[in-house]
2 protein chains.
Amino acid sequence: MSNDPNIDAIRSDFIEKTGLISQSEGLPRIAGRIFGMLIFDGQAVAFADLATKLEVSRASVSSSIRLLEERGLIKRMTKSGDRQDYFRLATDPYATMLQGLQKRTQANRDEIAETIQSLPANSEAADRLNEYAKFHESKSAAIIVALETIRAAAPTSSEPQNAVLKEHQND
Amino acid sequence: MSNDPNIDAIRSDFIEKTGLISQSEGLPRIAGRIFGMLIFDGQAVAFADLATKLEVSRASVSSSIRLLEERGLIKRMTKSGDRQDYFRLATDPYATMLQGLQKRTQANRDEIAETIQSLPANSEAADRLNEYAKFHESKSAAIIVALETIRAAAPTSSEPQNAVLKEHQND
DNA sequence: AAGTTTGTTCAGTCTTAACTGAACAAACTG
DNA sequence: CAGTTTGTTCAGTTAAGACTGAACAAACTT
């Protein structure tokens, strides 16, 4: 947090926003707030600080962290001389989010395509199911376009934000 | 339903799939099943049949129907000589779904843009928030592309499926 | 009129998942 | 070694919203 009370208010506000947005995308609200905090602060944040500043239990932090890690949106870091884990945004979290969304959309399309395949050849329902499949298909295609846009526009800075922190090797 | 037990199984399967897909998109499962049933059957389905065939209460049908109507995904019809309401898919439900998604995405982007505006000019957080805003922006733009694709590809048949049914004028 | 069919509403139940506190294991410190 | 800090796990609570049954109003039928 900053020493400017005004900025702190904006920050809290932003964190709440990301919490709500993430919730609408199927993540728990706390995970969204963590994500928002990492965006706003820009530096690696300590595990304990996440719990303290967001006023949630360590258990909640732990499980939300796990979700965000699994989705490739954040990275766990360590700091020599400090036993705590630190977290920062992954290198290109937005591309990764889009990629995940695209995969799920494509999976939906494939499921519908399967249903169509299993239909007898003359089935008059096939056309309508196909419309539905095409909907998912074009959604998927569009997300790929968005992915390319974002990847082109983001030659993401390769500088680590803090030389003392180093990537944690997990599995 | 058809008289072919095989097709009936495929049909039920499909209806369950649409239920799950819709659920992942923030609609109640029953609403998704109704949507799926309307896709598969192709004809207008009576209110009572929705409750019976999906084995859910009329109350659930009523509220899910309301959601689907509000989103512009289905239409209520009447049949002269029949007191029941009938339902069919709206003319281009997929375009409408994409439009809704696009609006919500754009609204998210705008909220973030607002936060950025409220930040003092020299704030070092601005760049990171802007990345986040651009993510939503390109997602929104991509959905518009999908919309155009779908609208171009769907010169939707203008023939009513059943001459006896007529559009219900609601408000 | 009384009775029926229809869809909605509302209060309450049920389900699911988010969230918590406490117990725990691992890694440290003294 | 005993004691602390750290993150995870697990059992249980809480909260949100999906779903139901019953009461209801409106539009019919007889």
Between atom OG1 of B:Thr105 and atom CD of B:Glu137, what is the distance when rounded to the nearest 0.5 Å?
10.5 Å
Salt-bridge criterion met for [X] and [Y] (N-O under 4.0 Å):
{"X": "B:Arg11", "Y": "B:Asp41", "value": "yes"}
{"X": "B:Glu148", "Y": "B:Arg151", "value": "no"}
{"X": "B:Glu25", "Y": "A:Lys139", "value": "yes"}
{"X": "B:Arg66", "Y": "B:Glu69", "value": "no"}

Touch check for A:Val61, heavy atoms < 4.0 angstrom, all strands: base, sugar-phosphate only, or nothing?
nothing
Take the protein atom [atom1] of [X] and the nucleotide atom [atom2] of [N], then report the distance between them rounded to whole Å.
{"X": "A:Arg66", "N": "D:dG7", "atom1": "CZ", "atom2": "P", "value": "15 Å"}
{"X": "B:Phe87", "N": "C:dG7", "atom1": "CZ", "atom2": "C1'", "value": "9 Å"}
{"X": "A:Gln23", "N": "C:dA17", "atom1": "CD", "atom2": "P", "value": "14 Å"}
{"X": "B:Asp49", "N": "C:dT6", "atom1": "CG", "atom2": "P", "value": "10 Å"}
{"X": "B:Gln84", "N": "D:dA26", "atom1": "CD", "atom2": "P", "value": "20 Å"}
{"X": "A:Leu67", "N": "C:dA17", "atom1": "CG", "atom2": "C1'", "value": "11 Å"}
{"X": "B:Leu20", "N": "D:dA18", "atom1": "CG", "atom2": "C1'", "value": "14 Å"}
{"X": "A:Asp85", "N": "C:dA26", "atom1": "CG", "atom2": "P", "value": "16 Å"}

Minimum-distance nucleotide to B:Ala59 side chain [options: D:dT9, D:dC19, D:dT20]:
D:dT20
Taking the side chain of A:Val56 as heavy atoms from C-beta outward, which of C:dG7, D:dC19, C:dT20 is closest to it?
C:dT20
Closest-nucleotide ordering on DNA chain D, the 5'-leading residue of B:Ser64 and B:Arg58
B:Ser64
Specify the residue among B:Ile30 and A:Arg83 whose closest nucleotide of DNA chain D lies further upstream toward the 5′ end.
A:Arg83
Kindly say if B:Ser60 contacts the phosphate of D:dC19, meaning a side-chain N or O under 4.0 Å from OP1 or OP2.
no
Does a nitrogen or oxygen in the side chain of B:Arg76 sit under 4.0 Å from OP1 or OP2 of C:dT8?
yes
